[in-house]
Amino acid sequence: MSGEGLPPEKERVAAWLVYFNDLRIGGFYRNRAGGKSSAAAARKFASPAPRPVAVDKPPAKSPPSSAMKSSLATKSQPQAAAASKVTVLPVAHGPSLFEAFERVPNDTLERIRADIGDCTRCRLCEARNKIVFGVGNPRADLVFVGEGPGRDEDAQGEPFVGRAGKLLTDMIKAMSLERSDVYIANVVKCRPPENRTPERDEIATCSPFLLRQLEVIRPKVIVCLGNVAAQSLLGTNKSISHFRGQWFDFRGSRLIATYHPAYLLRNPAAKSDVWTDLKKVMAVLGLKAARIPKR
Ligand code: URA
């Protein structure tokens, strides 16, 4: 990191400040005596903000599969134009705490799960039934990141198994993949009561485990499903509608954000946008849309 050469304790403090700033709770950690904000301290050690990157392959030309058509009610869409459009977003500044020194050598998914244990680190533990760690191929090229477990996931201990999960499964199949080919995880591992949006501190507590999962899997592509996943990983508070379908670099993986399947259940008209985004992912991974036999 750019705080190199500092005494180790100062490096550690600098990294924490960057992390709190990334989480947008930096103001809480203001140095009241000196009046110097954590944001200023963080910027001092920050590297340039991540920028969206253009895809180097055109999006897949293949039409939506009939599975996707029936499940996502796809409309025809202009495809290529959005793929390479690059706009700059005010996303995370500099290395996060995790990047700075929380990388776990020889980490594994099993070890991460063991470290989570029977977690009581935040209030979400109070009402949860099962911790929903993540599921799928530990060597997946493609990882989907959702927000947090809902009722079905909380009961079964597996992400995306309810109605939204069935739609996600259809999306995966439309990309000629199975759930077992990809990895699926959430930003928070415990169900927020009444399916409310996870709070910042809950995300801050839980997201290091997601970051470790992504670091172990090192997928080619990460698809963020919805605002919470996208904002948490990109460190922005902009709404997903500003950057949906754009490529970002995320610690060596390509990251793209698209609408959450639960949103699609409420707003079927947005399904065509999601299909457009998934075609960009297929282009990068060299996948073709699934051919579903006609009935
Ligand atoms: N919504 C999510 O974001 N994640 C799940 O696992 C289920 C629904």
Side-chain angles (χ1 to χ4, degrees), residues 23 71 98 102 104 106-173 177-219 222-233 253 255 257-266:
L23 296 172
S71 154
F98 171 77
E102 292 248 324
V104 178
N106 305 317
D107 209 4
T108 62
L109 293 176
E110 291 72 23
R111 182 162 173 199
I112 301 165
R113 181 63 191 88
D115 286 351
I116 292 175
D118 192 18
C119 187
T120 54
R121 292 170 180 85
C122 83
R123 68 186 85 80
L124 292 184
C125 69
E126 289 161 18
R128 71 141 192 266
N129 284 305
K130 291 198 173 162
I131 292 176
V132 180
F133 177 66
V135 72
N137 180 356
R139 295 171 191 271
D141 282 342
L142 176 57
V143 172
F144 289 93
V145 178
E147 177 177 321
R151 194 184 21 193
D152 296 309
E153 293 76 18
D154 176 63
Q156 295 181 41
E158 182 170 334
F160 283 98
V161 290
R163 273 183 77 218
K166 290 198 171 34
L167 183 51
L168 176 62
T169 304
D170 285 343
M171 289 156 57
I172 292 167
K173 288 194 164 153
L177 294 169
E178 298 295 328
R179 271 174 77 102
S180 55
D181 293 322
V182 304
Y183 195 86
I184 307 173
N186 283 308
V187 173
V188 295
K189 313 285 186 226
C190 297
R191 181 193 183 203
E194 310 303 322
N195 292 348
R196 66 160 170 76
T197 305
E199 306 279 354
R200 260 182 211 180
D201 62 321
E202 294 156 359
I203 292 172
T205 304
C206 212
S207 57
F209 297 112
L210 171 65
L211 296 176
R212 283 175 62 187
Q213 286 171 294
L214 295 173
E215 179 68 18
V216 166
I217 299 168
R218 288 186 169 271
I222 298 166
V223 176
C224 290
L225 299 167
N227 255 325
V228 170
Q231 292 177 341
S232 303
L233 289 185
S253 299
L255 182 151
T258 196
Y259 295 129
H260 194 287
Y263 174 79
L264 297 183
L265 292 173
R266 298 190 303 272

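What you see is a predicted model, and the numbers here were worked out from it, not measured in a lab.
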*Asks:* Once you round to the nearest 0.5 Å, how far does CZ of R191 lie from SG of C125?
*Replies:*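 The distance works out to 15.0 Å.
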
*Asks:* Would R212 and D115 satisfy side-chain contact (heavy atoms from CB on, under 4.5 Å), going step by step from the backbone distance to the final call?
*Replies:* CA-CA 11 Å; R212 283 175 62 187; D115 286 351; 2.8 Å; yes

*Asks:* Can you tell if the side chain of L214 reaches within under 4.5 Å of the side chain of S253, non-hydrogen atoms only?
*Replies:*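 With C-beta onward as the side chain, the pair stays apart.
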
*Asks:* Kindly compute the distance separating CD1 (I131) from SG (C190), expressed to the nearest 0.5 Å.
*Replies:*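 Answer rounded to 0.5 Å: 5.0 Å.
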
*Asks:* What closest approach, in Å, do A230 and A257 show between heavy atoms, and which atom pair accounts for it?
*Replies:*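 For A230 versus A257, the nearest heavy atoms are CB-CB, 3.7 Å.
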
*Asks:* List the steps and the verdict of side-chain contact (heavy atoms from CB on, under 4.5 Å) for D201 and R123.
*Replies:* CA-CA 10 Å; D201 62 321; R123 68 186 85 80; 2.5 Å; yes

*Asks:* Using the side-chain contact (heavy atoms from CB on, under 4.5 Å) rule, take F160 and N186 through it: C-alpha gap first, then chi angles, then the decisive distance, then the call.
*Replies:* CA-CA 9 Å; F160 283 98; N186 283 308; 3.7 Å; yes

*Asks:* About how many Å separate CG of L264 and CG of D170, when rounded to the nearest 0.5 Å?
*Replies:*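 Result: 11.5 Å between the selected atoms.
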
*Asks:* Show your reasoning for whether side-chain contact (heavy atoms from CB on, under 4.5 Å) applies to E147 and V187.
*Replies:* CA-CA 5 Å; E147 177 177 321; V187 173; 5.9 Å; no

*Asks:* Which residue pairs pass the salt bridge (charged side-chain N to carboxylate O under 4.0 Å, His left out) test with at least one member in residues 127-140, sequence neighbours excluded?
*Replies:*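 Sorted result for residues 127-140: D118-R128.
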
*Asks:* Decide if atom CZ of R163 counts as having more than 12 heavy atoms of other residues, nucleotides or ligands within a radius under 6.0 Å.
*Replies:*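 No, the 6.0 Å shell around CZ holds no more than 12 heavy atoms from other groups.
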
*Asks:* Nearest 0.5 Å, please: how far is CZ in R121 from NZ in K189?
*Replies:*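 With rounding to 0.5 Å, NZ (K189) is 11.5 Å from CZ (R121).
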
*Asks:* With a 4.5 Å cut-off on side-chain heavy atoms, are I217 and N137 touching?
*Replies:*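 N137 vs I217: side chains apart.
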
*Asks:* So which heavy atom on T205 is nearest to which on F209, and how close?
*Replies:*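 Looking at all heavy atoms of both residues, the shortest contact is O-CE1, 4.0 Å.
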
*Asks:* Compare all side-chain heavy atoms of Y263 with those of N227 and state whether any distance is below 4.5 angstrom.
*Replies:*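 Y263 vs N227: side chains apart.
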
*Asks:* How far apart are the closest heavy atoms of G146 and A229, and which atoms are they?
*Replies:*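 Result for this residue pair: O-CB, 3.8 Å.
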
*Asks:* Which atoms form the tightest heavy-atom contact between Y183 and A140, and what is the distance?
*Replies:*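 Nearest heavy atoms, Y183 then A140: N-CB, 3.6 Å.
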
*Asks:* Which pair of non-hydrogen atoms, one from P261 and one from A164, has the smallest distance, and what is that distance?
*Replies:*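 Shortest heavy-atom separation between P261 and A164 comes out as CB-O, 3.4 Å.
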
*Asks:* Roughly how far, to the nearest 0.5 Å, is the CD atom of E153 from the CD1 atom of I184?
*Replies:*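 It comes to 10.0 Å.
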
*Asks:* Which atom pair, heavy atoms only, marks the closest approach of F144 to L168?
*Replies:*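 Heavy-atom minimum between the residues: CD2-CD1, 3.9 Å.
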
*Asks:* Suppose we screen for side chain to side chain donor-acceptor pair (under 3.5 Å). Which residues come up paired with R196, at least two apart in sequence or across chains?
*Replies:*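 Result, side chain to side chain donor-acceptor pair (under 3.5 Å) vs R196: E202.
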
*Asks:* Just by modelled atom types, is the P149 backbone N or O under 3.5 Å from a matching donor or acceptor in the D154 side chain?
*Replies:*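 No; judged by distance alone, with no hydrogens or angles, the pair does not exist.
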
*Asks:* Test of understanding: with salt bridge (Lys or Arg N to Asp or Glu O under 4.0 Å), list the residues that count as partners of D181, not counting sequence neighbours.
*Replies:*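 Here no residue qualifies.
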
*Asks:* Atom CD in Q213, atom CD1 in I116: separation rounded to 0.5 Å?
*Replies:*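 Output value for this atom pair is 6.0 Å.
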
*Asks:* Would you find more than 12 non-hydrogen atoms of other residues, nucleotides or ligands less than 6.0 Å from R151 atom CZ?
*Replies:*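 No, because the 6.0 Å sphere around CZ of R151 holds 12 heavy atoms or fewer from other groups.
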
*Asks:* Less than 4.5 Å apart, side chain to side chain, heavy atoms only: is that true for V182 and V223?
*Replies:*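 Not touching, per the 4.5 Å side-chain cut-off.
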
*Asks:* How about T169 and V161: do any of their side-chain heavy atoms sit closer than 4.5 Å?
*Replies:*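 Side chain of T169 against side chain of V161, heavy atoms only: no contact under 4.5 Å found.
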
